[in-house]
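Numbering of ligands and ligand atoms starts at 1, following listing order. All values below were derived from every heavy atom in this structure, side-chain atoms included, with hydrogens, water molecules and symmetry-related copies excluded.
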Amino acid sequence: MKKIGVFTSGGDAPGMNAALRATVRWLSKHEVDVVGIMRGYAGMIDGEFVAMTPRSVANIIQRGGTILHTARSKAFMTPEGRSEAAKQLRKEGIEGLVAIGGDGTFRGAIKLIQEHRIPTVGVPGTIDNDLYGTDYTIGFDTAVNTALDAIDRIRDTAASHERVFFIEVMGRHAGFIALNVGMAGGAEVIALPEVPIGPEEVAEVIRSSEAKGKGSSIIVVAEGAYPGGADTLMKAAKEVYPFEGRVTVLGHIQRGGSPTAHDRILASRLGAAAAETLVGGSSGVMLGEVEGEIALTPLVDAVEKHKEIDKDVYRLAEILAE
Ligand code: F6P
């Protein structure tokens, strides 16, 4: 291959820049031209291409967000949008793609391969950690640590006022962030989409925590754990058992910021491995890290197979919340 395109798509994640840097520098070192595609699939359709060199990715390993920008493109979900994108890629002489993103990004890549035979490999960049075929996605560790820092601060005020705090973290369909943040933050309750929990149970934990002499409690709620999120769950729990409660929605704070060392190293390894895999002739696979080793998983499996949360960690967190 003589020319490869690289892009970031879907929700941004800390470490995407480090992955981009690794892909660009690996390819440049192996004398392959690299084109950055701006704004994900939206920029692919519009032909927003920029030539990348090792210098274009200088001083970004520590930066959150993505210098290529990102988008959730509706047009690319249509066959016409994908045809236009393929036309633009061919016009530019791009022979293969490195796609950095989450499940929506990979679903788009699968279609592009099927309909237009454009070789593509995926790099898992999403704070959600919800992709099968990698123990961790790029950005997850940073998001967990950012949320944890917030919870530690909230604990101070929760203890001072003897209040119950409901803290909503990201994760519409997956509870990986909530589970890790809840475990590391010593939460009394961790509400996940994977383990349904209702206001009665939450109210009962709060009541029994009070009876045990706890002055304050931390309830970590994943966005998708209860319809309406943490606020609705808290109001419903108060109807069952009245308490002094407050809600904090951490929101997009979790998506920004400088990536942790873990995310920078993971991104560097996977970004370079993706370049090598594509140049080596593979397509339709995601690069991941499983038990410390680089692993290849078909993109279809990465998005279709279900990655389970660790139920042992969930149970242990419950026991330790005594
Ligand atoms: O997929 C990453 C993520 O941050 C999810 O955790 C969250 O549910 C969603 O994106 C929010 O999307 P948006 O930034 O488009 O509102």
Side-chain angles (χ1 to χ4, degrees), residues 7-19 38-43 64-66 68-77 99-110 122-134 136-151 166-182 184-185 190-195 220-233 247-260 263 266-267 270 286 288 299 302-307 309:
F7 64 99
T8 51
S9 169
D12 62 339
M16 278 182 160
N17 281 328
M38 300 301 295
R39 297 170 46 247
Y41 291 119
T66 157
L68 292 182
H69 297 193
T70 185
R72 300 190 196 272
S73 169
K74 288 229 161 58
F76 193 79
M77 290 178 189
I100 306 170
D103 66 339
T105 305
F106 294 167
R107 283 179 203 281
I110 291 166
V123 176
T126 164
I127 64 165
D128 294 337
N129 199 30
D130 58 348
L131 292 168
Y132 180 89
T134 189
Y136 297 103
T137 56
I138 297 162
F140 173 68
D141 186 61
T142 307
V144 166
N145 280 291
T146 302
L148 191 59
D149 179 61
I151 288 184
F166 282 61
I167 300 160
E168 185 178 295
V169 297
M170 277 190 163
R172 276 194 287 237
H173 308 292
F176 294 99
I177 295 177
L179 179 60
N180 278 29
V181 164
I190 306 174
L192 312 171
E194 295 89 342
V195 187
V220 171
V221 184
E223 267 180 303
Y226 191 75
D231 191 48
T232 317
L233 182 60
V247 175
T248 303
V249 178
L250 297 183
H252 289 79
I253 280 176
Q254 297 157 94
R255 286 246 292 267
S258 183
T260 58
D263 276 331
L266 180 67
L270 299 186
M286 179 192 83
L299 285 175
V303 297
E304 293 298 343
K305 287 197 178 169
H306 187 64
K307 181 162 152 190
I309 60 147

Every residue of the protein that comes under 4.0 Å of ligand 1, judged on heavy atoms: R72, I127, D128, M170, G171, R172, E223, H252, R255
Backbone of T142 reached by a side-chain donor or acceptor of D263 within 3.5 Å: yes
Contacts of Y41 that satisfy ring-ring contact (aromatic ring centres under 6.0 Å, His included) - sequence neighbours left out: F7, F76
Pairs satisfying salt bridge (Lys or Arg N to Asp or Glu O under 4.0 Å), at least one member in residues 137-151, at least two apart: D149-R153
Other residues, nucleotides, ligands: >12 heavy atoms within 6.0 Å of I253 CD1: no
Listed once per pair and sorted, the salt bridge (Lys or Arg N to Asp or Glu O under 4.0 Å) pairs that draw on residues 223-233, sequence neighbours left out: D231-K235
Side chain to side chain contact (heavy atoms under 4.5 Å, CB included) evaluation trace for L131 with D103: CA-CA 7 Å; L131 292 168; D103 66 339; 3.9 Å; yes
